[in-house]
Amino acid sequence: MEILNFLFEGFAIALTPFNIAMALAGCFIGTAVGMLPGIGPVNGIVVLIPLTFALGLPPESSIIMFAGIYYGSQYGNSISAILLNVPGTSAAVMTAMEGNAMTKKGRAGPALAMSAIASFFGGTVSIVALMLFAPALSKWAIRFGPAEYFALMVFAFSTLSSLSGKNLIKGLLATMMGLMLATVGLDPVSAVDRYTFGQLKLLDGLDFVVVVIGFFAINEILRYAENIHDQEVFTKLGRVMITAKEFAMSFWTMVRGAAIGFFVGVLPGAGGTIASFVAWTTEQRLVDRQGTFGTGDIRGVAAPEAANNASANGAMIPLLTLGVPGSETTAVMLGALLGMNITPGPLFIANNPTVFWGLIASMYVGNVLLLILNLPLVGIFVRILKVPGWFLMPAVVAVSFVAVYSVNNSPFDILLMAAFGIMGYLLYKTEFPLASVILGLVLGPLMENNLRRAMSLSDGDWTYLFSSPIAIGLWIAAIASLFLPLIIKRFGAASEISKEEVN
Amino acid sequence: MTTNLTDRVTGVFLLLFAIWYGYRTTLFKVSFMADPVGPRVFPLGLAILMGVLSLYLIIKPDPSPVWPGSKTWIRIGLITLTFIVYAYLMVPIGFVLSTTFEITALALIFRGPPLKSIIGAFLLSAALYSLFDILLDLSLPTGSVFRGLWG
């Protein structure tokens with residue numbers, strides 16, 4: 001068994017004390033940022049990127065920590081969802097509805113326990129799938145040339161645009177904005193400077209850490225200024241455990257949730273929110289005989305939690321095997337990897353076996369750590385929710401300043417960050433999806449580069465972009481994905497009707 | 001009539017931006033063509049796509065969002081002002097002092113109790129400085145005005 005050999009080597013890397021500490025740090029930060037409404041895994045990862053560069057951390061250790069933040073946040077987001085009815089990230093919306101209904105019945109403990117166990121189940125099952133599918137997909141994707149890559153990125157953008165916002169046109173416009181931001185700086189091929197306006201600091205292009213912190217952290221502060229509030233935290237958890245009967249009852253729900261989550265996660269743009277919604281709706285149709293879903297049914301917590309954890313691991317597949325992320329968090333991880341001179345793509349696993357297998361092994365370790373953090377230690381995390389907003393929000397700003405300043409040791413970046421914060425706030429208010437801007441910014445240079453390489457290969461013949469079956473397939477998929485919102489609308493309308501029938 | 005004004009204004013703004021962005025490509029000083037496409041085509045393509053999409057936004061706008069009232073805008077203005085002041089102050093007066101001011105200012109804007117805000121701000125700034133500059137060697141500004149006083 002070749003895979004088992006690789007996996008053993010991976011554990012040899014993941015189980016070094018330093019890498020265990022990195023996984024633990026990632027899981028802890030992930031649970032915390034996932035839990036705090038408004039702060040998500042993107043913030044957690046992006047703030048640490050300049051730090052990992054400055055400390056010269058080995059790439060496998062950095063990616064072990066970043067992945068820990070990503071899947072850890074899928075555990076944490078359910079804590080505030082269950083206790084406060086405020087999802088920590090949008091992937092916990094369904095958990096908030098079902099889990100908070102349990103809290104109101106005095107069953108916060110079992111809801112938290114079910115969420116942790118379902119998260120562990122979905123997380124662990126989907127690592128097995130990731131481990132089996134990623135190498136196979138890499139071998140297939142090795143045939144991709146620049147034309148296929150260009151088409152693949154168009155596909156990623158169109159799917160993300162049609163799935164991540166309410167308005168497809170705004171999603172596409174947001175993508176254009178991101179791609180335009182990516183053109184700032186010296187053109188690597190011809191050394192022409194573009195959109196720098198003589199600013200030497202812009203010659204290297206906009207640093208995505210500065211843009212992302214502005215878009216997410218600063219934007220969040222400005223949104224908090226709209227509505228200054230503190231949450232009443234419910235701290236009577238009761239016993240954080242479920243019964244064997246509840247586990248048995250939820251077992252197949254978790255299996256289906258994990259499978260749905262994984263495959264939805266692989267799709268660009270879909271991610272945890274859609275995964276948990278689809279998983280919850282599926283279970284409602286399959287097992288909800290008494291009409292208890294939505295009123296505090298424990299299976300209604302198990303389904304979305306298994307699904308959103310599995311989707312986080314599924315989302316690692318396009319990132320690692322194709323080098324084309326499908327979500328804002330994986331886009332930020334791509335930026336971090338590129339900064340460490342590691343290019344994810346079909347050759348990634350073959351060229352960096354220590355990074356890939358170390359990561360896979362650490363994910364098994366990390367999920368066990370998270371189960372411990374989230375079952376007996378959940379009370380500690382609940383205390384973080386009690387930090388008042390007037391201190392928490394400024395603290396986020398202070399940490400952001402450290403990160404932004406240490407990118408180039410330049411206060412100019414603080415001004416840029418503030419400008420992007422305001423831009424992010426205006427884009428948020430007008431419902432342009434920020435995920436599309438970020439993906440455009442990170443993939444922009446790769447997209448232009450692949451286009452120009454394709455044109456060099458074909459000597460300027462544009463039909464070359466549509467010359468292989470894979471490329472044509474991706475173009476068709478890209479166009480088809482633009483019609484997804486219409487289909488979802490119909491699906492959504494159907495479920496609205498069924499709800500009304502129940503009532 | 002005014003219910004979808006926001007998207008129309010945004011659309012017009014993006015259209016003008018796209019025209020300007022596309023026009024800038026003609027000003028690139030391209031001395032030689034290293035590849036058949038060159039540095040102009042990709043940005044020009046983006047500008048054309050954005051132009052077309054923004055026209056669509058002008059013709060079919062969404063309902064406008066609920067914009068916050070003047071109180072929020074004053075707060076947002078104040079917060080932005082603190083960022084600008086911070087960017088100019090942090091190198092001269094150092095990370096600990098400037099960050100203490102910044103966090104205190106933000107905490108007060110967010111209606112924190114004054115004394116607790118100042119103490120919390122100072123403790124957090126000092127903790128961040130110790131962690132990142134002293135422990136992790138990340139080099140945050142110490143403050144050039146203090147250079148004569150120590151080290």
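Per chain, numbering begins at 1; letters A, B, ... match sequence-line order.
To the nearest 0.5 angstrom, F391(A) atom CZ is 11.0 Å from I119(B) atom CD1. Summarising the geometry, atom CD belonging to E448(A) is positioned 8.0 Å from atom CG belonging to L46(B); distances are rounded to the nearest 0.5 Å. With rounding to the nearest 0.5 Å, the separation of CZ in R40(B) from OG1 in T183(A) is 14.0 Å. Rounding to the nearest 0.5 Å gives a distance of 12.0 Å between OH of Y88(B) and CD1 of I414(A). Taking CZ from F17(B) and CE from M176(A), the interatomic distance works out to 12.5 Å, rounded to the nearest 0.5 Å.
Both the backbone and the side chain of K116(B) come within contact range of chain A, with heavy atoms under 4.5 Å apart. Only the backbone of D193(A) comes within contact range of chain B, with heavy atoms under 4.5 Å apart. Heavy atoms of Y129(B) lying under 4.5 Å from chain A are absent altogether. Contact annotation for D133(B): neither backbone nor side-chain heavy atoms come within less than 4.5 Å of a heavy atom of chain A. The part of L55(A) that comes within reach of chain B is its side chain, from C-beta onward, which places non-hydrogen atoms under 4.5 angstrom from that chain. Using a 4.5 Å cut-off between heavy atoms, L136(B) contacts chain A through both its backbone and its side chain. Contacts between L53(B) and chain A at a heavy-atom distance below 4.5 Å involve backbone atoms as well as side-chain atoms. Heavy-atom distances place both the backbone and the side chain of S139(B) under 4.5 Å from chain A. Heavy-atom distances place both the backbone and the side chain of S456(A) under 4.5 Å from chain B. Interface remark: F197(A) contributes side-chain atoms only to the contact with chain B (heavy atom separation under 4.5 Å). Neither the backbone nor the side chain of A105(B) comes within contact range of chain A; no heavy atom of the residue lies under 4.5 Å from a heavy atom of that chain.
Counting heavy-atom pairs under 4.5 Å between each of D187(A), L173(A), N167(A) and chain B puts L173(A) at the top. Per-residue heavy-atom pair counts under 4.5 Å with chain A were compared for L78(B), D62(B), V66(B), and the maximum is reached by D62(B). Among the candidates L172(A), L415(A), L392(A), the residue making the largest number of heavy-atom pairs closer than 4.5 Å to chain B is L415(A). Most heavy-atom pairs under 4.5 Å with chain A: of the set S125(B), P113(B), G45(B), this distinction falls to P113(B). When each of P39(B), S54(B), P36(B) is checked for heavy-atom pairs under 4.5 Å with chain A, P39(B) comes out on top. Contacts with chain B were tallied for L426(A), T430(A), V402(A), V189(A); V402(A) has the most, counting heavy-atom pairs under 4.5 Å. Each of E226(A), M455(A), M180(A) has some count of heavy-atom pairs under 4.5 Å with chain B, and the biggest count is that of M180(A). When each of L106(B), V37(B), I76(B) is checked for heavy-atom pairs under 4.5 Å with chain A, I76(B) comes out on top.
Counting heavy-atom neighbours within 6.0 Å of Y23(B) OH, excluding the residue itself, gives a total of 12 or less. Residue-environment remark: CZ (F101(B)) stays at or below the threshold of 12 foreign heavy atoms within 6.0 Å. Remark: I134(B) CD1 is packed, more than 12 non-hydrogen atoms of other residues, nucleotides or ligands lying under 6.0 Å away. No more than 12 heavy atoms of other residues, nucleotides or ligands lie within 6.0 Å of CZ in F122(B), so this atom counts as exposed by the packing criterion. Crowding of F412(A) atom CZ: a count of heavy atoms from other residues, nucleotides or ligands under 6.0 Å exceeding 12. More than 12 heavy-atom neighbours from other residues, nucleotides or ligands sit within 6.0 angstrom of CG on D461(A).
Summarising the geometry of F83(B) relative to A418(A), their closest heavy-atom pair is CD1-CB, 3.7 Å, with the distance given to 0.1 Å. Of all heavy-atom pairs between L138(B) and N409(A), the closest is O-OD1, 4.5 Å. Across all their heavy atoms, P68(B) and K429(A) have their closest contact at CD-CE, 3.9 Å. Between F110(B) and W390(A) the shortest heavy-atom distance is O-CB, 3.5 Å. K170(A) approaches L57(B) most closely through the heavy-atom pair CE-CD1, 3.8 Å. For V91(B) against P411(A), the heavy-atom pair with the smallest separation is CG2-CG, 3.5 Å.
Here the side chain of R452(A) pairs no donor or acceptor atom with the backbone of D35(B) at under 3.5 angstrom.
Evaluated for a side chain to side chain contact (heavy atoms under 4.5 Å, CB included) with I79(B), the options I218(A), V397(A), L222(A) yield exactly one hit, L222(A).
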Hey, mind stepping through R75(B) and I228(A) against side-chain contact (heavy atoms from CB on, under 4.5 Å) and telling me if it holds? CA-CA 11 Å; R75(B) 268 188 221 127; I228(A) 298 169; 3.6 Å; yes

Stepwise side-chain contact (heavy atoms from CB on, under 4.5 Å) test for M177(A) and L14(B): CA-CA 9 Å; M177(A) 292 176 206; L14(B) 289 176; 3.9 Å; yes

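F401(A) has its side chain out of reach of M90(B): every pair of non-hydrogen atoms, C-beta onward, lies at least 4.5 Å apart. With a 4.5 Å cut-off on side-chain heavy atoms, V192(A) and K29(B) do not count as touching.
Under the 6.0 Å cut-off for aromatic ring centres, Y195(A) and Y21(B) qualify, their centroids lying closer than that.
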